[in-house]
**Student:** 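My structure is below; once you've seen it, I'll send some questions.
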Amino acid sequence: MAQTKTQFGYRRHPDQDRAGANITEHAVVVVGAGPVGLSLAIDLAQRGQSVVLLDDTDRIGEGSRAICFSKRSLEFWDRLGIGQRMVDKGVVWSVGKIFHGEQQLYQFNLLPEQGHKRPAFINLQQFYAEAYLVDRVGELPAIDLRWRNKVTGLEPRNDQVLLTIETPEGPYQLSARFVIACDGARSSLRQMVGAEFAGQVFEDQFLIADVKMTAAFPTERWFWFDPPFHAGRSALLHKQPDDIWRIDLQLSPDADPAVEKRPENVRPRIARMLGHDKFDFEWISLYKFQCRRMDRFVHGRVIFAGDAAHQVSPFGARGANSGLEDAENIAWKLDRVLRGTSPETLLESYHIERSAAADENIRESTRSTDFMAPVTAQEARLRKAVLSLAKETEFGKRMVNGGRLSVPSVYETPLSTADGDAWRGGPRPGASMPDASLAAANGEPMFLTDAFIKSGTRFTLLEFGNGAVAEVPEGVGVIRIGGDGGLTDAAGLAAARYDAEPGSAYLLRPDGYVAARFRKPSRSAVDAALSRASGLN
């Protein structure tokens, strides 16, 4: 398999020679060098923070694992300087098709409109995403990535956390103002703080096979209910780079995992699906899944993100993408706290926003699972009725649930300022900023998300027409569309997507979410919204 630079060497660090009163104090320690921990460390480093990143292994994980990365994740990775590399390698798609038996029920397009820099989704094996993130980490001296450093002890103190870390050369200790646990579903740090992890465990089993073959299938997401090649169950087909195809097959709850994973038993299943056996196996796995989360994501100075904080089923690509949304949410808040420009209470908004997002993802994920793998007779009757209706009616098609795909959360948060003006559309406070194609003053094409990156991914005032605020608050960036020297919205996409009139303005948070919007903003109104979004009142 074309994995590049998958293993990394352990290196002794000077911190290991310090003990007692000489233990090194760090601002931030991130535990776990998966996509979430790597992305979080990069975001913090780009904001000027030094980060120690610990991982208990010395290699990038094997197998594809997560493969679907959303538009929102790609926009986040653009801010980290690696979005284009992900897209160049990934398989771009936006169309999905749902089948019942041999009949196509319907198809959908997740991004039918033009004027967005990034596609709805790319398919990219997780090991590629991790490799590109590790490469980016190597370009940032502010990140100290330590392989084969396993956290074995955690002691909260008043203004820091003391960590005990095991290495091939023995244990050592260091302290941190904040620890971010991105150490996955089996998080040892979650156990160390004694946190509950409550929710539902599903007994249904699914077989994953990544197969290498040359095929003429389009780059679409195909999902089957009761296909002729796998009667009574469900199946999923996705294309990945390198002529690799991801196939998910639902199995019975009592299937023997050891038997089902044997290649000689998997091959006949895949051959029936494809109609031939001209393929090679790249990876075979079998999984059950859980939909559950921690009660609280913030435990003093230990903050949990990604699978360490919450788990969902893989249907809908909500796992990795929601973890990346955790990373972008906590990074700017932690940066402000470390700089002293916001109080530590700002971190509570991370729990408020992202625990609600986890609830939404768990709710959607559970609904998908209940529809795809009904347990009770009532659920089975409902699915049968919906699939029958979907053959004849539009509302029936909308009820079919083959995995609702990941979309950005909309936050109900104390950081938002409620609308004081009438709006017919556009992103409301708590929603993420939509992209739009624009042109610079010299006519060079660009996108709104590019302009946001150039503004420094800080608090930014997005203005339509000549600036309505004569004096922009210190430290706030400005993106002007129209007016003197502003960006050109020739197609009117930005104005339409933001329901903008001359003089309208949006205050964007450093993670690209809307903090407030105004028809005719005053300096005092902007100041008040900025203060609220910074956690100052």
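Values reported hereafter were calculated over all heavy atoms of this structure, with side chains retained and with hydrogens, waters and symmetry mates removed.
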**Student:** Taking the six-membered ring of Tyr128 as reference, does the cationic atom of Lys89 (NZ for Lys, CZ for Arg) lie under 6.0 Å from its centre and within 45° of its axis?
**Tutor:**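 Because its charged atom sits under 6.0 Å from the ring centre and within 45° of the axis, Lys89 does stack over Tyr128.
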**Student:** Taking only residues at least two apart or on different chains, which pairs with a member in residues 34-49 satisfy salt bridge (Lys or Arg N to Asp or Glu O under 4.0 Å)?
**Tutor:** Asp43-Arg47
**Student:** So, using salt bridge (Lys or Arg N to Asp or Glu O under 4.0 Å) as the criterion, who are the partners of Arg267 when residues are at least two apart?
**Tutor:**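 Arg267 satisfies salt bridge (Lys or Arg N to Asp or Glu O under 4.0 Å) with no other residue.
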**Student:** Would you please name every residue forming a salt bridge (Lys or Arg N to Asp or Glu O under 4.0 Å) with Glu325, sequence neighbours left out?
**Tutor:** Arg354
**Student:** Report the distance from atom CZ of Arg292 to atom OG of Ser365, rounding to the nearest 0.5 Å.
**Tutor:** 13.5 Å
**Student:** The criterion is side-chain contact (heavy atoms from CB on, under 4.5 Å); which residues satisfy it with Leu382, sequence neighbours excluded?
**Tutor:** Val386
**Student:** Begin from the C-alpha positions of Thr413 and Glu353 and carry the test side-chain hydrogen bond (donor to acceptor under 3.5 Å, both in side chains) through to its verdict.
**Tutor:** CA-CA 6 Å; Thr413 169; Glu353 294 176 357; 2.7 Å; yes
**Student:** To the nearest 0.5 angstrom, please state how far the CG atom of Leu286 sits from the CG atom of Leu207.
**Tutor:** 5.5 Å
**Student:** Taking only residues two or more places apart in sequence, or in another chain, which ones meet Thr366 in a side chain to side chain donor-acceptor pair (under 3.5 Å)?
**Tutor:** none
**Student:** Excluding sequence neighbours, so at least two apart, what forms ring-ring contact (aromatic ring centres under 6.0 Å, His included) with Phe225?
**Tutor:**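 In terms of ring-ring contact (aromatic ring centres under 6.0 Å, His included), with neighbours along the sequence ignored, Phe225 is linked to Phe223, Phe371.
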**Student:** Any donor-acceptor pair under 3.5 Å linking the side-chain atoms of Ser39 with those of Trp77?
**Tutor:** yes
**Student:** Which pairs with one or both residues in residues 428-448 pass salt bridge (Lys or Arg N to Asp or Glu O under 4.0 Å), sequence neighbours excluded?
**Tutor:**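 Sorted pair list: Glu412-Arg428.
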**Student:** Do Phe304 and Phe297 make the cut of ring centroids closer than 6.0 angstrom?
**Tutor:**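 Ring centres of Phe297 and Phe304 not closer than 6.0 Å.
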**Student:** By ring-ring contact (aromatic ring centres under 6.0 Å, His included), which residues pair with Phe279, not counting sequence neighbours?
**Tutor:**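 Phe279 satisfies ring-ring contact (aromatic ring centres under 6.0 Å, His included) with Phe281 once adjacent residues are dropped.
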**Student:** Can you check whether Tyr513 and Tyr411 have ring centres sitting under 6.0 Å from each other?
**Tutor:** yes
**Student:** For Ala235, which residues count as a side-chain contact (heavy atoms from CB on, under 4.5 Å) partner, sequence neighbours excluded?
**Tutor:** Trp224, Pro227, Phe229, Leu249
**Student:** Quick test of your reading of the model: are Arg318 and Glu360 salt-bridged, counting only N-O distances below 4.0 Å?
**Tutor:**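 Salt bridge flag = no for Glu360 with Arg318.
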**Student:** I'd like to know if Asp511 and Lys333 make a salt bridge, using a cut-off of under 4.0 Å between side-chain N and carboxylate O.
**Tutor:** no
**Student:** With sequence neighbours excluded, tell me which residues meet side chain to side chain donor-acceptor pair (under 3.5 Å) with Asn109.
**Tutor:** Ser94
**Student:** Does the side chain of Gln84 pick up a donor-acceptor pair with the side chain of Asp78 at under 3.5 Å?
**Tutor:**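 Absent: no donor and acceptor within the cut-off.
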**Student:** Not counting sequence neighbours, which residues clear side chain to side chain donor-acceptor pair (under 3.5 Å) with Lys391? List them please.
**Tutor:** none
**Student:** Could you tell me which residues satisfy side chain to side chain donor-acceptor pair (under 3.5 Å) with Ser416, sequence neighbours excluded, listed by chain and number?
**Tutor:**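 Ser416 satisfies side chain to side chain donor-acceptor pair (under 3.5 Å) with no residue once adjacent residues are dropped.
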**Student:** What I want to find out is whether Lys212 reaches Asp280 closely enough, with some N-O distance under 4.0 Å, to be called a salt bridge.
**Tutor:** no
